[in-house]
Amino acid sequence: MKVSIFSIFFLFFSLSAGAQKLEYASLIIPDSLKLNANAVVRLREVSINIPSQNEMFINTKVVTTVLNELGLKSLDLSEYHDKNRRITKIEAVAYDVFGKELKSYKRKDFKDVSVADGVSIFNDNRALYLEYTPTSYPFTIVFESQVETSNTAFIQPWVPIENYLESVEKTVFSIAFKPELALKRKEANFSNRYAIEVKETPISVSYSAKNLIAKKREELSPSFTKIFPLVFFSLEKFSLENVVGKATNWKEFGKWYYESLLADTEEIPEATQLKIKQLIGTEKRPVEIAKIVYKFVQEKTRYVSIQVGISGWKPMLAKEVDKLGYGDCKALTNYTRSLLKVVGVPSYFTLVYADADNKEDINDEIVSVQGNHAILTLPTENGLVWLECTSQVQPFGFQGDFTDDRNVLLIKPEGGEIVKTQTFTETDNVRTIRGNYTITAEGNFVGKVKMISKGLQYDSYFNRERSSRENQIKAYKEEFSNINNLTVKKITHHNNSQDIEFIEDLELEAEAYAQNSNGKLLFVLNAFDQNSFVPNKSRVREFSFQITTGYTDESEIEVNLPEGFIIEAKPNGVKLDNEFGSYTIEFLQLENKKVLCKRKLIIKKGFYDKSKYENYRKFRETVAKSDNSKIVIAKI
């Protein structure tokens with residue numbers, strides 16, 4: 001700790017001037033905790049007491065010193081509440097750099113706001129939230145709350161490091177519980193890197209850590225849950241919205257979930273039953289029947305967020321969805337399941353952590369209520385088919401990157417089962433480009449291109465057909481940003497949802513694509529398929545890195561040269577093959593003033609050691625450089 005004598009003298013002098021608390025002064029924070037930090041958590045203390053199956057008391061105290069404006073992200077001055085979760089105390093006190101009190105806040109100063117996010121299956125209804133606007137930095141806020149809840153199905157995990165660029169001086173997490181409830185816990189990512197102290201007795205457990213240095217976010221880093229310490233908790237005997245449960249394994253949990261939350265929601269009105277049967281007619285194949293039902297649901301319903309009482313977990317009644325024509329993810333999934341049950345096709349309500357950027361698994365090692373979204377699983381002769389019931393446009397059986405490649409929980413009448421959703425590989429996620437363009441003697445560009453996207457590449461592009469013309473043109477100008485002065489003359493889309501294939505046909509023009517210098521034209525041959533992504537350099541990398549999605553890009557582009565010009569300089573081809581994928585590009589001179597640019601890039605998904613990061617970065621650097629290879633043509 002490097003604190004000047006003057007600073008210490010000034011600090012103690014100021015303490016005599018009024019109501020100060022030395023422990024909250026920013027000046028005494030060790031320099032090591034300020035390094036790379038926008039905020040320092042001086043203390044995060046959570047104490048949980050579970051005296052019975054339907055009682056839990058949570059006391060929280062968090063002391064945070066915010067060093068600069070970016071550190072405001074580390075402030076969480078809120079608590080959730082609903083009819084079964086009551087806030088009995090909430091307050092905050094702000095202090096200046098010397099630990100002098102600036103202002104105290106009581107419950108009346110907190111805003112009562114809705115926190116429905118439109119996606120989550122498990123979400124409290126409202127929150128008390130303090131909006132604090134600082135006048136200077138650094139400052140410190142002490143936040144304290146006490147909460148009572150009858151829901152013991154959820155116990156918050158211990159997360160000692162919650163944010164990048166945030167140091168933690170001390171964190172303590174303790175749980176006292178009734179032994180008959182059988183507390184379970186699962187530790188993840190523990191290592192010698194973090195000095196964690198664990199204390200336990202037959203009726204309690206606690207975790208603590210000190211002086212956790214702020215970490216910088218590294219490019220391509222895996223999610224928090226894969227690299228930082230975590231402890232998950234659950235009870236074998238629990239209560240959810242006054243419905244008691246007991247589960248020692250996933251089969252028992254799934255059976256409880258079905259019987260307690262799903263079984264009494266399945267009734268479908270007779271008129272709708274008759275209509276569905278009429279639509280199906282003589283069709284006997286289960287998958288084809290499911291397609292008819294899925295289309296019916298897409299046309300009849302729309303997605304809305306439902307956040308009232310038990311609707312956080314229990315779906316709306318299927319007959320209510322049928323009547324109203326809307327529901328949240330649970331309601332629409334359960335409605336589709338109930339319709340399929342009417343016509344004798346089994347399907348399973350499925351819990352999943354949905355996120356396109358972070359593929360999070362249901363943790364199969366600790367039985368508990370998990371997930372933030374619901375989808376439907378259809379068993380078929382050829383394996384499981386996954387249905388996203390909240391979308392009015394998603395093709396039948398196409399999962400997309402929102403829920404692909406992760407462990408999910410099937411809720412069956414006979415019990416729960418952990419399975420993995422579809423994994424898309426680099427051979428599934430394919431984009432094929434076929435194009436041609438002509439360069440005029442003035443350096444202008446006139447061309448056509450056809451792009452076919454499959455797999456998760458389909459998921460990235462098929463929504464373009466529903467965009468406005470203005471937004472479509474904007475998207476293509478961003479995609480082909482390497483073509484200056486681009487004009488999109490014609491757009492034709494074909495969405496083949498049966499084969500999960502999206503086709504884009506474009507006609508393009510651009511002035512001065514080629515640079516003209518003394519009668520010579522210089523331009524990039526690969527006009528339609530450039531990939532400029534290069535990871536940032538990392539002098540000393542700390543964590544492993546992850547390529548979350550593999551894919552293949554393949555193209556053939558025919559270039560027509562202007563009359564009266566000859567090739568003066570043409571780039572050489574490149575061929576690379578390594579554990580991250582492969583890359584080939586070649587420039588073939590054809591007859592009649594033509595050059596063919598052939599390219600193929602394959603990127604493989606994977607989890608890689610930090611020692612390989614620079615090799616991957618150099619691989620992508622070579623790809624970006626080669627994609628930008630230029631040709632020089634000159635007048636004869």
Could you tell me if [Y] and [X] have a donor-acceptor pair between their side chains, going purely by distance under 3.5 Å?
X	Y	value
Ser611	Asp609	yes
Glu442	Asn444	no
Gln298	Ser391	no
Ser582	Asp577	no
Arg620	Asn531	yes
Ser74	Glu166	yes
Asn495	Tyr458	yes

Is any side-chain N of the basic residue among [X] and [Y] closer than 4.0 Å to the acidic one's carboxylate O?
X	Y	value
Arg285	Glu283	yes
Lys454	Glu501	yes
Glu218	Lys610	no
Glu568	Lys635	no
Lys605	Asp405	yes
Lys618	Glu621	no
Arg431	Glu554	no

If you measure from CZ on Phe607 to CD1 on Ile547, what distance do you get to the nearest 0.5 Å?
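Answer rounded to 0.5 Å: 11.5 Å.
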CD on Glu417 to CG on Asp364, rounded to 0.5 Å:
12.0 Å
Test applied, side chain to side chain donor-acceptor pair (under 3.5 Å); reference residue, [X]; option that passes from [options]:
X	options	value
Lys359	Thr421, Thr423, Asp404	Asp404
Asp553	Gln457, Arg599, Lys600	Gln457
Thr390	Gln392, Glu388, Gln394	Glu388

For Glu288 and Lys291, run salt bridge (charged side-chain N to carboxylate O under 4.0 Å, His left out): C-alpha distance rounded to whole Å, both residues' side-chain angles, the deciding distance at 0.1 Å, then the answer.
CA-CA 5 Å; Glu288 297 306 313; Lys291 287 180 181 179; 3.4 Å; yes
Main-chain N/O of [Y] paired to [X] side chain as donor or acceptor, under 3.5 Å:
X	Y	result
Tyr583	Ile603	no
Lys593	Phe565	yes
Thr333	Ala374	yes

Ring-face cation contact, [Y] with [X], 6.0 Å cut, 45° max:
X	Y	result
Arg193	Phe228	no
Arg464	Tyr476	yes
Arg217	Tyr164	no

Taking the six-membered ring for Trp, are Tyr613 and Phe545 closer than 6.0 Å centroid to centroid?
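Ring centres of Phe545 and Tyr613 closer than 6.0 Å.
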Looking only at the aromatic ring of each residue, does the gap between the centers of Tyr513 and Phe445 stay below 6.0 angstrom?
yes
Could you walk me through whether Glu504 and Lys450 pass the salt bridge (charged side-chain N to carboxylate O under 4.0 Å, His left out) test, one step at a time?
CA-CA 6 Å; Glu504 303 163 87; Lys450 178 190 288 286; over 6 Å; no
Is any side-chain heavy atom of Phe587 closer than 4.5 Å to one of Ile631?
no
